[in-house]
Amino acid sequence: MAELNVDEAELENFVIQDCGSCHGLTMRGGLGPPLRPEDLEQLPAEAIAAIIREGVDGTAMPPWKALLSDDEMLWIGRQLKSGALVADD
């Protein structure tokens, strides 16, 4: 797995604050679907990054490609799949 050039602390805060505002602070879902590892197991990290990049038409999920780099989106996808960004509740 290639090392990515990202600011992990900044991205972790982004996921909790920005993603959590729709997907729930514990990623159990809200306006958006849950983003816990068991909810994402069928998707590779690259597919999650593509959803982050392009958004989802007809939903509240915006494209983030203007604000996040490809490395940052892939890092988020990998972290969501691993559960590293999921708060215990």
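Just so we're clear, the structure is a prediction, and the values are computed from it rather than from any experiment.
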> What are the two closest non-hydrogen atoms of Val15 and Leu80, and how far apart are they?
Replying inline: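 Taking every non-hydrogen atom into account, CG1-CD2, 4.3 Å.
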
> At their closest point, which heavy atom of Gly77 faces which heavy atom of Ala45, and how far apart are they?
Replying inline: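 Heavy atoms of Gly77 and Ala45 come nearest at C-CB, 4.0 Å.
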
Kindly compute the distance separating [atom1] ([X]) from [atom2] ([Y]), expressed to the nearest 0.5 Å.
X     : Y     : atom1 : atom2 : value
Ile48 : Leu74 : CD1   : CG    : 9.5 Å
Arg28 : Asp39 : CZ    : CG    : 9.0 Å
Cys19 : Met27 : SG    : CE    : 6.0 Å
Trp75 : Ser69 : CH2   : OG    : 11.5 Å

>> For residues 19-55, which residue pairs pass the ring-ring contact (aromatic ring centres under 6.0 Å, His included) check, not counting sequence neighbours?
In response: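 Checked against ring-ring contact (aromatic ring centres under 6.0 Å, His included) - neighbours excluded - no pair reaches residues 19-55.
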
Taking the side chain as everything from C-beta on, heavy atoms only, tell me whether [X] gets closer than 4.5 Å to [Y].
X     : Y     : answer
Phe14 : Ile76 : yes
Leu85 : Glu12 : yes
Glu72 : Asp7  : no
Met73 : Ile51 : no
Leu68 : Leu11 : yes

> Should we count CD of Glu38 as having more than 12 external heavy atoms under 6.0 Å?
Replying inline: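 Counting neighbours around CD of Glu38, more than 12 heavy atoms of other residues, nucleotides or ligands fall under 6.0 Å, so yes.
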
>> Let me check something: do Leu31 and Ile16 share a hydrophobic cluster, defined by ILVMFWY side-chain heavy atoms less than 4.5 Å apart, either directly or through other members?
In response: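 As far as the 4.5 Å side-chain criterion goes, Ile16 and Leu31 are not connected within one cluster.
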
> Would you say the side-chain atoms of Arg36 pair up with the backbone N or O of Thr26, donor to acceptor, closer than 3.5 Å?
Replying inline: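 Present.
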
> Is there a donor-acceptor contact under 3.5 Å from the side chain of Lys81 to the main chain of Pro44?
Replying inline: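 No; zero donor-acceptor contacts below 3.5 Å.
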
> What residues, two or more places apart in sequence or in another chain, satisfy salt bridge (Lys or Arg N to Asp or Glu O under 4.0 Å) together with Asp70?
Replying inline: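 Listed in chain order: Arg53.
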
